[in-house]
Protein chains: 2
Amino acid sequence: MKWDALEEEPCSLARTVAVIGDRWSLLILRECFLRKRRFEAFQSSLGITRHLLAERLKKLVRFGVLRRIPYQQSPKRYEYILTQKGLDLYPVIMSIVHWGNIHMVDSRGRPMLHEHKKCGKMFDPVMVCSECGEPVTAKGVHVHPGPGARQAPTAA
Amino acid sequence: MKWDALEEEPCSLARTVAVIGDRWSLLILRECFLRKRRFEAFQSSLGITRHLLAERLKKLVRFGVLRRIPYQQSPKRYEYILTQKGLDLYPVIMSIVHWGNIHMVDSRGRPMLHEHKKCGKMFDPVMVCSECGEPVTAKGVHVHPGPGARQAPTAA
DNA sequence: ATTGACAGTTCTAAAACAGAACTATAAGGC
DNA sequence: GCCTTATAGTTCTGTTTTAGAACTGTCAAT
């Protein structure tokens, strides 16, 4: 299956994987959420090759996750900032970080702590139901085909 | 940077990307959450090559996300089920699906709807603070170095 | 004895990636 | 004017990963 085919799948997970499901995109987005914006900044803190970085940035711009904006004329220089679509990836990033915090840290503990400005405390993200506010677990959810489901009986 | 190096990074996101940050692992896990368990089932519904499927399953078992369990003797046959570590990826999967639902669906609408058994309603997942229960956004969070932070001034 | 189901393994060609060098534009120091 | 530095890429070559198809081994059913 080609990458392009993934985007066309009738599955929201597959389509999102087409955007962020490679080795570098999520790491680039991590840097974006840490307020990094420039090519050299991404390259030096990630250790990604320049070639691949240029390509990934193009991809993220093409998908509307980042916007490429000139920050000076002569010589023209651009920086990359998160669009609203990109900012909306925050729960994805945070849930990944949280899983890593629980299951992948070594004896030294978490590399980062997160403070919720509103309440002032260090917190973990919790996923709850938009309707009743109770936590959501795999076993507590029932799946139904939606209007965009594929007709053939294949998973979506 | 090699995949192995990713696992060693002092960053919970990087370490999690080492587990799920490729093109197929998340799709395999999607099938697991949809109660698929067997090699042939994964292969036929994903269209992944058998070679790569075998390798990815091994990787997920090695990381403790899946467990390989015999379901019959003679001939020996195995199936793959989610461990607790794997079940804990549910918020990651759901936040990815939700982002796709908002930003990647075509005119036909969502391929899938999710019902919260507890309240009986179709819902969206919402990420809230474990301490105060209020929703979490990128701008409402402040990041601090934790005990596992790298000493050199590099992003983690 | 033959077919089919299942869970893989092995092979070759194509695509993606790593690592390093190179290009283009301009500012600043001498 | 000439040299160095900064930034944002592009180009090149060799290695690794992936796609696609065919093949293996074990057993049950016909």
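A, B, ... follow the sequence lines: proteins, then strands. Residue 1 opens every chain.
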Between [N] atom [atom2] and [X] atom [atom1], what is the distance in whole Å?
X: B:His51; N: C:dA14; atom1: NE2; atom2: C1'; answer: 14 Å
X: B:Trp24; N: D:dT18; atom1: CH2; atom2: P; answer: 11 Å
X: B:Leu46; N: D:dA19; atom1: CG; atom2: P; answer: 12 Å
X: B:Asp4; N: C:dC17; atom1: CG; atom2: C1'; answer: 15 Å
X: B:Gln72; N: C:dA7; atom1: CD; atom2: P; answer: 8 Å
X: B:Leu52; N: D:dA19; atom1: CG; atom2: C1'; answer: 8 Å
X: A:Arg23; N: D:dT17; atom1: CZ; atom2: P; answer: 8 Å
X: B:Asp22; N: C:dC17; atom1: CG; atom2: P; answer: 12 Å

**Ring-face cation of B:Arg38 near B:Tyr71 (centre distance under 6.0 Å, axis angle within 45°)** =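 Yes - B:Arg38 lies over the ring of B:Tyr71, closer than 6.0 Å to its centre and within 45° of its axis.
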If the cut-off is 4.0 Å, is [X] near the phosphate of [N], judged by side-chain N/O to OP1 or OP2?
X: A:Lys58; N: D:dA8; result: no
X: B:Arg56; N: D:dT18; result: yes
X: A:Tyr71; N: D:dA8; result: yes

**Prompt:** How would you label the contact of B:Trp3 with the nucleic acid (heavy atoms, under 4.0 Å): base, sugar-phosphate, or nothing?
**Reply:**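 Counting heavy atoms under 4.0 Å across all strands, no contact is made by B:Trp3.
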**Asked** Checking all strands, does B:Ser74 fall into the base, sugar-phosphate, or nothing category for heavy-atom contacts under 4.0 angstrom?
**Response**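 The answer is sugar-phosphate, as B:Ser74 gets under 4.0 Å only of primed atoms, P, OP1 or OP2.
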**Message:** Starting from A:Ile81, can I reach A:Phe42 by hopping between I/L/V/M/F/W/Y residues whose side chains sit under 4.5 Å apart?
**Reply:**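 They do not share one cluster, since no chain of ILVMFWY contacts under 4.5 Å joins A:Phe42 to A:Ile81.
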To the side chain of [X], which of [options] is closest?
X: B:Arg77; options: C:dC11, C:dG8, C:dA7; result: C:dA7
X: A:Pro75; options: D:dG9, C:dA26, C:dC17; result: C:dA26
X: A:Tyr80; options: D:dG9, C:dA18, C:dG8; result: D:dG9

**Message:** For B:His144 and B:His142, I'd like to know if the aromatic rings sit close, meaning centre-to-centre distance below 6.0 Å.
**Reply:**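 Yes, ring centres under 6.0 Å apart.
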**Message:** For B:Glu55, give me all partners under side chain to side chain donor-acceptor pair (under 3.5 Å), at least two apart in sequence or on another chain.
**Reply:**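 B:Glu55 satisfies side chain to side chain donor-acceptor pair (under 3.5 Å) with no other residue.
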**Message:** Atom NZ of residue position B:Lys85 - does it have more than 12 heavy atoms of other residues, nucleotides or ligands inside 6.0 Å?
**Reply:**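 More than 12 heavy atoms, drawn from other residues, nucleotides or ligands, come within 6.0 Å of this atom.
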**Asked** Can a donor-acceptor pair under 3.5 Å be found between the side-chain atoms of B:Arg50 and the base atoms of C:dA7?
**Response**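 Flag set: donor-acceptor pair detected.
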